[in-house]
Amino acid sequence: MSQGSEEKPAIARRSPGLSGTARIPGDKSISHRALILGGVASGETRIAGLLESEDMLRIAKAMRALGARIHQAGGEWIVAGAGNGALLAPEAPLDFGNAGTGARLIMGLAGVYEFDTVIVGDASLSRRPIGRVLDPLRRMGVQVKAMEGDRLPVMLRGPETPAPIRYVLPVASAQVKSAVLLAGLNIPGVTTVIEPAITRDDTERMLTAFGADLSIEMDRDGTRTIRLHGRGRLRGQSIEVPGDPSSAAFPLVAALLVPGSDITISNVLMNRTRTGLILTLQEMGADIEVLDPRLTGGEDVADLRVRHSQLTGIDVPAERAPSTIDEYPVLAVAAAFARGQTTMRGLQELRVRESDRLSAIAAGLKLNGVDCEEGRDWLTVTGRPDGKGLGNDADKRVPTHLDHLIAMSFLVMGLASEHPVGIDDSSMIATSFPQFMDLMKSLGARIEQA
Ligand code: S3P
């Protein structure tokens with residue numbers, strides 16, 4: 001439940017074959033970066049297809065408080081940037097609600113400025129560790145003036161001249177990488193980030209498009225070294241945001257699981273740092289046809305035709321975690337309908353998301369009759385191909401722990417299980433995918449607010 005708002009339970013029931021075309025909302029990561037870089041660039045940035053979710057409205061509000069002017073006109077978002085190095089001190093705390101990525105990215109962007117930035121969030125966000133972002137910021141000279149434990153709220157103040165650092169990411173995290181690079185925008189000299197395994201690369205791509213002096217070197221073992229010359233000029237851009245593969249994941253898995261389904265999902269971002277779920281499902285036997293692959297604004301985009309398929313369990317390697325990270329909840333649901341066992345490894349990062357996602361998935365699966373085992377960083381799910389016995393007659397609702405992805409994943413489960421699947425709260429879905437219910441219903445899904 002979002003702070004102060006009411007819980008909205010929801011229920012999903014076994015559905016007839018899904019059909020039709022789904023147009024999913026804009027990619028969350030690209031939308032974040034478009035607003036942030038537009039807000040710190042010089043001149044005007046025009047954004048078409050921006051994700052209009054609660055998280056995004058928080059970012060827009062924060063960027064306005066930092067000096068950007070943002071308005072909507074004719075379906076586009078238009079940002080007049082403050083200019084690199086010229087952000088204004090926010091007059092009030094920046095409240096990010098449930099928006100973890102926004103909070104972390106802005107901690108980097110604004111934290112190095114020589115003014116106080118206070119960042120607050122909702123109950124879920126205030127439980128998540130932020131030390132991973134504060135460590136590199138402290139090395140740049142940023143002072144953490146107030147904080148409780150390793151959690152929000154936090155007050156940051158940058159030094160007169162922040163120091164460029166060379167930072168080896170201790171965890172594979174695009175948020176931490178991006179926080180360091182965005183901080184580097186206002187640091188003289190070269191800020192270097194070294195990532196042992198590639199994570200989503202929207203920040204690097206977009207910084208380059210905005211004219212930042214950024215270079216990337218890739219070693220044979222896959223280590224990437226990213227160097228950014230700070231204090232350069234960024235120029236406003238026109239951006240077309242492709243559809244979010246993390247949102248596409250829900251209609252996609254639903255169509256695979258519900259017998260008789262045949263749907264098309266249009267305009268999906270196919271950046272290789274994001275397509276781990278599609279690759280895994282294809283290895284499990286999914287019928288996913290990639291139609292009309294094309295380049296939109298420098299990104300790979302395609303339409304996906306998805307038909308009901310009998311899946312077979314596989315072992316998903318830990319190396320695939322960065323490109324699948326937000327899709328494990330719905331992949332676990334797919335595994336619940338596969339023949340045999342699916343084991344997913346390298347899942348330790350799931351424990352520090354909007355909820356302890358690994359435990360939340362396992363608990364929800366068990367509540368609905370799925371045989372699964374949870375380890376420190378792995379999950380094994382034994383599937384039941386026809387969904388027989390799955391779901392919950394007793395109307396026991398899956399606890400979603402303020403986590404939108406848990407909510408949507410279990411609603412997808414209910415579309416193919418013998419019995420309905422209920423969730424305690426669907427209100428958080430609006431943080432990332434406000435059209436979810438309507439879009440799924442338009443394909444024929446039997447979902448309703450309980
Ligand atoms: C995101 C990065 C990912 C992902 C999150 C969005 C981003 O987290 O889970 O939803 O936009 O940078 P990591 O920081 O673990 O890569």
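Read the numbers this way: they start at 1 and go in the same order the structure lists the ligands and their atoms. As the structure is a computational prediction, the values presented were derived from the model and not from experiment. Just so it is clear, the values below take in all heavy atoms, side chains as well, and ignore hydrogens, waters and symmetry mates. Residue numbers start at 1 and run along the sequence shown.
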contact_flag H32 ligand 1 heavy-atom lt 4.0 Å: no
Contacting atoms of ligand 1, where contact means under 4.0 angstrom from a heavy atom of [X]:
X    : value
I325 : 9 (O)
S29  : 7 (C), 11 (O)
D326 : 4 (C), 5 (C), 9 (O), 10 (O)

Candidate with minimal heavy-atom separation from atom 12 (O) of ligand 1, of R33, E195, E327: R33
R274 vs E299 side-chain heavy atoms within contact, under 4.5 Å: no
pair I423-I406: side-chain heavy atoms closer than 4.5 Å: no
Taking atom types as modelled, is there a side-chain donor on [X] or [Y] under 3.5 Å from an acceptor on the other?
X    : Y    : answer
E327 : S246 : yes
T101 : K28  : no
S53  : D55  : no
R33  : T203 : yes

Parallel, tilted or perpendicular, as decided by the 30° and 60° cut-offs, for the rings of F250 and F433: tilted
Which segment of [X] sits under 4.0 Å of ligand 1 when only heavy atoms are counted:
X    : answer
T199 : neither
R353 : side chain
R200 : side chain

Heteroatom proximity flag, A174 to ligand 1, N/O under 3.5 Å: yes
For atom 14 (O) of ligand 1, closest protein heavy-atom neighbour: S173 OG, 2.6 Å
Which residue and heavy atom of the protein sit nearest atom 6 (C) of ligand 1, plus the separation: T101 OG1, 3.4 Å
Chi angles and distances behind the side chain to side chain contact (heavy atoms under 4.5 Å, CB included) call for L281, L252: CA-CA 10 Å; L281 289 169; L252 190 153; 3.5 Å; yes
